[in-house]
Student: 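One structure, as structure tokens, below. Some questions next.
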2 protein chains.
Amino acid sequence: MKNHHRSVKILRRGDLAKLTGCNLETIRYYENIGVMPEPPRTSKNYRAYDESHVGRLRFIMRARELGFTLDEVRDLLALVDGGVQTCGEVQGLAISHLASVRAKIDDLKRIERVLSSTVAQCTGDDVPECPVIDALTEVT
Amino acid sequence: MKNHHRSVKILRRGDLAKLTGCNLETIRYYENIGVMPEPPRTSKNYRAYDESHVGRLRFIMRARELGFTLDEVRDLLALVDGGVQTCGEVQGLAISHLASVRAKIDDLKRIERVLSSTVAQCTGDDVPECPVIDALTEVT
DNA sequence: CCTTGAGCCTGTATCAACTACAGAGCCTAG
DNA sequence: CTAGGCTCTGTAGTTGATACAGGCTCAAGG
């Protein structure tokens, strides 16, 4: 049996995709925009990833799930990569991101209030009068 | 004085933009994608809008503010334009949209919880240990 | 009369964050 | 030996706009 735990197992793009649940094409995209590093290539020009790339990609995906933009992810990675990152710097990014998340929640809640109160007035009948349309058409 | 209330005053694109607060280019965009009708043109090929276009554009803008996608707006307009729209049909669209708004709120709230509890653990010091980075790097 | 500026026209490029596809190369199993 | 599955590249499409270039037209001022 080759490839037991002695040698460093290389991963191809598809392997990395499967391990992380990331879309195959997205990996290449992340490389293009510089959030994933250009990996070494095999003699046949295939990308050769290792465990470190799995970690990096998982980091990116987790940050994206938390709603950080790719620009923000780049900032976070720069701090991590720089090795000089301090808790204070990272906290700053997270706090300002948190503020924008809260703003979005407030916006959506406002929308939710308007929509639900409007829908509540609907008869749901086969009649052409509709409070939703009225609300949208309103000349107020 | 010409153009007192007797004749129908025509509006140019810039007028429509000013009246509604819509961006000038966005009006053309809405025409291209078919949510605004192609207006008649003057002899010099200028778009000639009237009051009905103001109403239509305001409708679109209000729906967008409420988070309806342009596809959903198209559906709403089709119901209104068809003349056969019933309160029930419109209510259906609004309800399903409401559901997606609520889902988005829930997502963001989850993110908010994770972020705020993580940030709360930060010391904010000039040290390289950072709970935010830990949360992102976590191998759990 | 001429110029200058404002407004309009068109088509096309840009943004985020992906996703997808075409056309080619490579490798392995049957 | 060939069929398939994987990889490679570059490029296009998505949503909802926004911006810009290059060219017309029009009204006012000098």
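What you are looking at is a predicted structure, and each value in this text was computed from that prediction instead of being measured. Naming convention: chains lettered A, B, ... in sequence-line order (proteins, then strands); numbering from 1 in each chain.
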Student: Would you tabulate the nitrogen or oxygen pairs shorter than 3.5 Å linking the protein to nucleotides 1-3 of chain D?
Tutor:
none

Student: Where along residues 94-112 of chain B does a heavy atom come under 4.0 Å from DNA chain C, residue by residue in number order?
Tutor: none
Student: What pairs of donor and acceptor atoms, side-chain ones from residues 104-116 of chain A against any protein atom, are under 3.5 angstrom apart with sequence neighbours left out?
Tutor:
residue	atom	partner	partner atom	Å
A:Glu112	OE2	B:Arg102	NE	2.5
A:Glu112	OE2	B:Arg102	NH2	2.8
A:Ser116	OG	A:Glu112	O	2.9
A:Ser116	OG	A:Arg113	O	3.3

Student: Are the side chain of B:Arg74 and the backbone of B:Ile33 linked by a donor-acceptor contact shorter than 3.5 Å?
Tutor: yes
Student: Under a plain distance cut-off of 3.5 Å, with no hydrogens placed, do B:Asp50 and B:Ser52 share a side-chain donor-acceptor pair?
Tutor: yes
Student: Heavy atom of residues 64-75 of chain A under 4.0 Å from DNA chain D: which residues?
Tutor: none
Student: Sequence neighbours left out, what pairs pass side-chain hydrogen bond (donor to acceptor under 3.5 Å, both in side chains) with at least one residue falling in residues 14-29 of chain B?
Tutor: B:Glu25-B:Arg28
Student: Which listed nucleotide (D:dC8, D:dC26, C:dT10) is nearest to the side chain of A:Arg47?
Tutor: D:dC8
Student: Mind jotting down which residue pairs meet the side-chain hydrogen bond (donor to acceptor under 3.5 Å, both in side chains) criterion with at least one end in residues 36-47 of chain B? Sequence neighbours excluded, please.
Tutor: B:Glu31-B:Arg47, B:Arg41-B:Asn45
Student: Pairs under 3.5 angstrom, nitrogen or oxygen only, protein versus nucleotides 5-7 of chain C, please.
Tutor:
residue	atom	partner	partner atom	Å
C:dG7	N2	B:Tyr46	OH	3.1

Student: Checking side-chain contact (heavy atoms from CB on, under 4.5 Å) against A:Leu136, which of B:Arg58, B:Met61, B:Arg62, B:Glu65 comes through?
Tutor: B:Arg62
Student: Within residues 20-30 of chain A, find the residues that approach DNA chain C with a heavy atom at under 4.0 Å, and present them sorted by residue number.
Tutor: A:Asn23, A:Glu25, A:Thr26, A:Arg28, A:Tyr29, A:Tyr30
Student: Can you run down the ring pair (Phe, Tyr, Trp, His ring centres under 6.0 Å) pairs that involve residues 95-117 of chain B, sequence neighbours left out, and say none if there aren't any?
Tutor: B:Phe68-B:His97
Student: Sequence neighbours left out, what pairs pass salt bridge (charged side-chain N to carboxylate O under 4.0 Å, His left out) with at least one residue falling in residues 90-99 of chain A?
Tutor: none
Student: Could you work out how much the helix from C:dC1-D:dG30 to C:dG30-D:dC1 bends, comparing the axis of its first five pairs with that of its last five, to 10°?
Tutor: 30°
Student: Who pairs with B:Ser117 by side-chain contact (heavy atoms from CB on, under 4.5 Å), at least two apart in sequence or on another chain?
Tutor: none
